[in-house]
Amino acid sequence: MGFFVRFWGVRGSIPTPGPRTRRYGGNTSCIELRSDSTVLIFDAGTGLRELGVSLLRNPPREGLDLHLFLSHPHWDHIQGFPFFGPAYLPTTTLTVYGSEKNENYQLLSGQMSNAYFPVAFKDLSARIVPKAFKKDVVEAGDFVVRRFEQKHPGGSSGFRVEHGGRACVYATDSELDQLLADQQQPVKSPRMLRRLPAPLVNAVKDADLLIADAQYTDEEYPTKVGWGHARANTVVDLAIQAGVRQLALTHHDPMHSDRDVDAKVLTAADRARTVGAELEIFGAREGVTLRLDRD
Amino acid sequence: MASRRTQTIDDDSPQTAMTKLPANFKPRPRRAHVLDQTAGPGSPKRHELSDDTLVIGRGSAADLRLDSDDVSRTHAQLLRVDDEYSIEDLDSRNGIFLNGLQVHAAVLRDGDQVQLGDVVFIYSEGS
Ligand SMILES: [Zn+2]
Ligand SMILES: [Zn+2]
């Protein structure tokens, strides 16, 4: 039945090419979830360009049928769209999911107004179809996708994606630390479990894989309050409370080198270990594919 | 507008011409991507990679044969795309571990540790 997750972009805020970020990668947010018959794309950051290149290497004869979900329209989550090759093919069907107001559709087209980019959205050859969530749930091929609100400047959506009894949650650009009942607790008693609100814990409950914004270390966060991103340690606590099996830290800070990301992962794993949680933690890395429908 | 770098090739088509290369410029020699087997039966052993696809396994059909019961007959496939190697699991029994994490597939990077059963490789990127 197949349930694959591939990381195409894991960097936050702005692309960071170069030797310091070569291993984890410098492209901004883009994740592919795939079953044997359906391809879902979460976020259209610069990683989307390479996903497009890959999809066009062996396109199915009947054309590509793709489903695009956007966490929110900040630049690092839409910037790859004008460079997404399949959008220029008349044989592609691209369903873009949003609320009833279709704001995602409009925001994607907005960045292609002619002051910014030479090709107009209306000139893209693909069949681009807006589709709305109904009560925060939608079916996309053989996946069921649920949407939930996150704390981020301008708002953002998290997604719980289910297929064949397995669940993957994609939750980026979410400042978990602003949802803590006592926001001073991580400073006063950093080792104490940081309790997150029940609706959020429920949205993530028992996920096989949680892919979450973990941009900052505890030390970095105090100067970034209100920027819309979480402390990695707080994400660990969310995963523990929700009984998650695997946690992928993502939206890596543009200032972080590969070694910095390694250090962030080690600190996070230490935290899970002290609590005694059976949680596997790793840093999301470009070009890595996980399979969720085994064992 | 004419500049010192502009030469007239023929009368009506002035072009910018590169008159000389930096003194020491030359194309870099190619260096192969390498898998060094550091643990498991047959180690240590160095495999320089040159084929576009390469099957790793215990069976006689494998291009890179490993004599270990922990390794499936066709365990994994290496695939070169745009001069980068990816490794992909071919439904093996024991899977592929990349730096300790079980993966279905991955684009390999310099220094990666790749484990198939009791066999461990270190990947070194060439150029
Ligand atoms: Zn972002
Ligand atoms: Zn954002």
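Letters A, B, ... mirror the listed sequences (proteins, then strands); counts begin at 1.
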Subject >> Nearest heavy-atom neighbours spanning B:Asn99 and A:Arg285 >> reply: ND2-NH1, 3.6 Å

Subject >> Summary of salt bridge (Lys or Arg N to Asp or Glu O under 4.0 Å) pairs that have at least one residue in residues 24-34 of chain B, sequence neighbours excluded >> reply: B:Arg30-B:Asp83

Heavy-atom count around [X] [atom1] within 6.0 Å, excluding the residue itself: above 12?
X: A:Glu278; atom1: CD; value: no
X: B:Arg80; atom1: CZ; value: yes
X: B:Asp69; atom1: CG; value: no
X: A:Arg291; atom1: CZ; value: yes

Subject >> Step-by-step side-chain contact (heavy atoms from CB on, under 4.5 Å) determination, A:Arg294 to B:Asp91 >> reply: CA-CA 10 Å; A:Arg294 302 194 77 175; B:Asp91 253 329; 3.9 Å; yes

**OP:** Take B:Asp112 and A:Arg23 through the test side-chain contact (heavy atoms from CB on, under 4.5 Å) and record every step on the way to the result.
**Re:** CA-CA 9 Å; B:Asp112 276 341; A:Arg23 184 159 37 98; 4.2 Å; yes

Original post:
Between B:Leu98 and chain A, which part of the residue has a heavy atom less than 4.5 Å away: side chain, backbone, both or neither?
Top reply: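 Just the side chain, heavy atoms under 4.5 Å.
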
Subject >> Portion of B:Glu84 that has a non-hydrogen atom of chain A nearer than 4.5 angstrom >> reply: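 Side chain only.
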
Original post:
Please walk me through it: do A:Arg22 and B:Asp110 pass side-chain contact (heavy atoms from CB on, under 4.5 Å)?
Top reply: CA-CA 9 Å; A:Arg22 173 150 173 79; B:Asp110 198 53; over 6 Å; no

Subject >> Contact residues of residues 2-15 of chain A (partner chain B; heavy-atom separation under 4.5 angstrom) >> reply: A:Phe4, A:Arg6

**OP:** Supply the atom-to-atom distance A:Thr289 OG1 to B:Asp89 CG, rounded to the nearest 0.5 angstrom.
**Re:** 11.0 Å

Subject >> Note, A:Asp258 side chain near B:Arg109 side chain (heavy atom, < 4.5 Å) >> reply: no

